**Student:** 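Sharing a structure below in structure tokens format, with a few things to ask.
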Amino acid sequence: MAVRMTLKHLFHTDPDTFWEKVFFDEEYNRRMYLEALGFRGFELLELTRHDDGRVTRKVKTTPKEEVPGALKKFIGSEIAYVESGSFDPAKKVWTYSISPSQLAEKVSIAGKYWLESRGPKQCERVCTVDLEVKVPFVGSVAEAFIEKQTRASYELAHGYTNKFLAEHGYDK
């Protein structure tokens with residue numbers, strides 16, 4: 001059984017400022033993962049700005065959440081993942097996939113998000129995430145764990161992003 005989530009959050013800036021000055025900023029990302037989300041690890045593996053305006057990025061992160069007991073015997077007590085994504089400058093859409101360090105062939109996590117203007121210095125991030133875990137007996141437990149972790153991370157990232165925008169004057 002697959003899960004589809006749609007998450008929406010308001011940011012106090014315009015879409016162009018978000019994409020140009022925030023989303024690909026290494027300080028923003030490092031602080032978001034390590035400080036705001038409390039992850040144990042963050043590593044920028046690749047950030048490439050292509051001549052056609054596309055931006056591709058790959059990061060490796062290690063969340064802090066403990067893996068539920070039912071899943072530990074299948075994946076271990078700690079899991080890291082690599083997020084690979086691409087920004088389409090014409091559509092202004094970020095598309096990504098996540099590959100976990102364990103059972104990557106059985107776990108599918110992918111999403112996309114975009115920003116919709118909600119007035120001056122106000123935009124809404126709309127994010128869709130599709131996830132599926134194809135492991136007999138524990139797939140639904142894993143999906144519920146990943147969904148809960150994803151929702152919580154996006155909430156924390158929302159608060160942190162607005163704080164970052166204010167700290168850098170991008171909300172004015």
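All figures in this text were calculated on a predicted structure; none of them were measured in a lab.
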**Student:** How close do I79 and S101 get, counting heavy atoms only, and between which atoms?
**Tutor:**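 For I79 and S101, the tightest heavy-atom pair comes out as CG1-OG, 3.6 Å.
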**Student:** To check you understand the geometry: which heavy-atom pair defines the closest contact between T61 and F42, and what is its length?
**Tutor:**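 What the structure gives for the nearest pair is CG2-CD1, 3.8 Å.
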**Student:** With rounding to the nearest 0.5 angstrom, report the OG1 to NZ distance, T128 to K112.
**Tutor:** 5.5 Å
**Student:** What's the separation between atom OG1 in T161 and atom CZ in F18, rounded to the nearest 0.5 Å?
**Tutor:** 6.0 Å
**Student:** Can you confirm whether or not the ring centre of F24 sits under 6.0 Å from the ring centre of W94?
**Tutor:**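 Distance test on ring centres: under 6.0 Å, yes.
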**Student:** If only atom types and distance count, is the side chain of T13 paired as donor or acceptor with the main-chain N or O of Y170 below 3.5 Å?
**Tutor:**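 At least one qualifying donor-acceptor pair exists.
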**Student:** Quick one: do W114 and C127 satisfy side chain to side chain contact (heavy atoms under 4.5 Å, CB included)? Show the steps, please.
**Tutor:** CA-CA 7 Å; W114 61 93; C127 178; over 6 Å; no
**Student:** Is the closest side-chain heavy-atom distance between F87 and V93 below 4.5 Å?
**Tutor:**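 Result no, sub-4.5 Å side-chain heavy-atom pair not found.
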**Student:** Considering all heavy atoms of both residues, which atom of A157 and which atom of L37 are nearest to each other, and what is their separation?
**Tutor:** N-CD2, 4.0 Å
**Student:** I need the R125 CZ to H9 NE2 distance, nearest 0.5 Å.
**Tutor:** 5.5 Å
**Student:** Please report the closest heavy-atom contact between L7 and T150, naming both atoms and the distance.
**Tutor:** CD1-CG2, 4.4 Å
**Student:** Measure from the ring center of H158 to the ring center of Y154 and say whether it is less than 6.0 Å.
**Tutor:**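 Centroid separation for H158 and Y154: 6.0 Å or greater.
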**Student:** Side chains of D171 and F11: does their closest heavy-atom pair fall under 4.5 Å?
**Tutor:**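 When only atoms from C-beta onward are counted, F11 and D171 do not touch, as no gap falls below 4.5 Å.
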**Student:** Less than 4.5 Å apart, any side-chain heavy atom of T48 and any of V55?
**Tutor:**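 Side chain of T48 against side chain of V55, heavy atoms only: no contact under 4.5 Å found.
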**Student:** Can you tell me how far CG of D130 sits from OG of S97, rounded to the nearest 0.5 angstrom?
**Tutor:** 12.0 Å
**Student:** Determine whether the aromatic ring centres of residues Y28 and F23 are separated by less than 6.0 angstrom.
**Tutor:** no
**Student:** Take K58 and T56 through the test side chain to side chain contact (heavy atoms under 4.5 Å, CB included) and record every step on the way to the result.
**Tutor:** CA-CA 7 Å; K58 188 180 284 191; T56 53; over 6 Å; no
**Student:** Between CG of N29 and CD of E83, what distance do you get to the nearest 0.5 Å?
**Tutor:**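 N29 CG to E83 CD: 8.5 Å, rounded to 0.5 Å.
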**Student:** I'd like to know whether V82 forms a side chain to side chain contact (heavy atoms under 4.5 Å, CB included) with I98, so could you lay out the CA-CA distance, the side-chain angles of the two residues, the decisive distance to 0.1 Å, and finally the verdict.
**Tutor:** CA-CA 6 Å; V82 173; I98 294 174; over 6 Å; no
**Student:** State, yes or no, whether a side-chain contact exists between K121 and T17 at a heavy-atom distance under 4.5 Å.
**Tutor:**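 A side-chain contact exists here, since the closest heavy-atom pair is under 4.5 Å.
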**Student:** With the 4.5 Å side-chain cut-off for hydrophobic clustering, are L34 and L47 part of the same group?
**Tutor:** yes
**Student:** Do L165 and V22 have side-chain heavy atoms sitting under 4.5 Å apart?
**Tutor:**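 Yes. Closest side-chain heavy atoms under 4.5 Å.
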**Student:** Step by step, would you call R118 with E124 a salt bridge (Lys or Arg N to Asp or Glu O under 4.0 Å)?
**Tutor:** CA-CA 7 Å; R118 297 290 184 242; E124 182 174 42; 2.6 Å; yes
**Student:** Please tell me if the side chains of V3 and M5 come closer than 4.5 Å, counting only heavy atoms from C-beta onward.
**Tutor:**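 SC-SC contact between V3 and M5 confirmed.
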**Student:** Say whether, by atom type as modelled, one donor and one acceptor occur between the side chain of N162 and the main chain of L10 under 3.5 angstrom.
**Tutor:**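 Here the side-chain-to-backbone pair exists.
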**Student:** Would you call E167-R31 a salt bridge at under 4.0 Å N-O?
**Tutor:** yes
**Student:** Below 4.5 Å, heavy atoms only, C-beta onward: do Q122 and H12 meet side chain to side chain?
**Tutor:**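 Side chain of Q122 against side chain of H12, heavy atoms only: contact under 4.5 Å found.
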**Student:** Which class fits the ring pair W19 and Y113: parallel under 30°, tilted 30 to 60°, perpendicular over 60°?
**Tutor:** parallel
**Student:** Calculate, to the nearest 0.5 Å, the distance between atoms OG1 and OH belonging to T62 and Y33 respectively.
**Tutor:**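 Interatomic distance, T62 OG1 to Y33 OH, rounded to 0.5 Å: 11.5 Å.
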**Student:** Check each of H50, R49, R54 against D52 using the side chain to side chain donor-acceptor pair (under 3.5 Å) test, and report the only one that passes.
**Tutor:**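 Going through the options one by one, the only one that passes is R54.
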**Student:** Between R151 and E147, does any NZ, NE, NH1 or NH2 come within less than 4.0 Å of an OD or OE carboxylate oxygen?
**Tutor:**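 Salt bridge: yes.
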**Student:** Looking at every heavy atom in both Y81 and P63, which two are closest together, and how far apart are they?
**Tutor:**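 Scanning both residues completely, I find the closest heavy atoms to be CE2-CG, 3.7 Å.
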**Student:** Could you tell me whether D16 and K92 make a salt bridge, using a distance below 4.0 angstrom between a side-chain N and a carboxylate O?
**Tutor:** yes
**Student:** The test is side chain to side chain contact (heavy atoms under 4.5 Å, CB included); show your working for E27 and H168 and say whether it passes.
**Tutor:** CA-CA 12 Å; E27 174 200 0; H168 289 78; 3.6 Å; yes
**Student:** Over all heavy atoms of both residues, which pair between K91 and D88 is shortest? Give the atoms and the distance, please.
**Tutor:** N-OD1, 3.1 Å
**Student:** Quick one: do K60 and E43 make a salt bridge, cutoff under 4.0 Å?
**Tutor:**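 No, no charged N to carboxylate O under 4.0 Å.
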**Student:** Side chains of E132 and K134: does their closest heavy-atom pair fall under 4.5 Å?
**Tutor:** yes
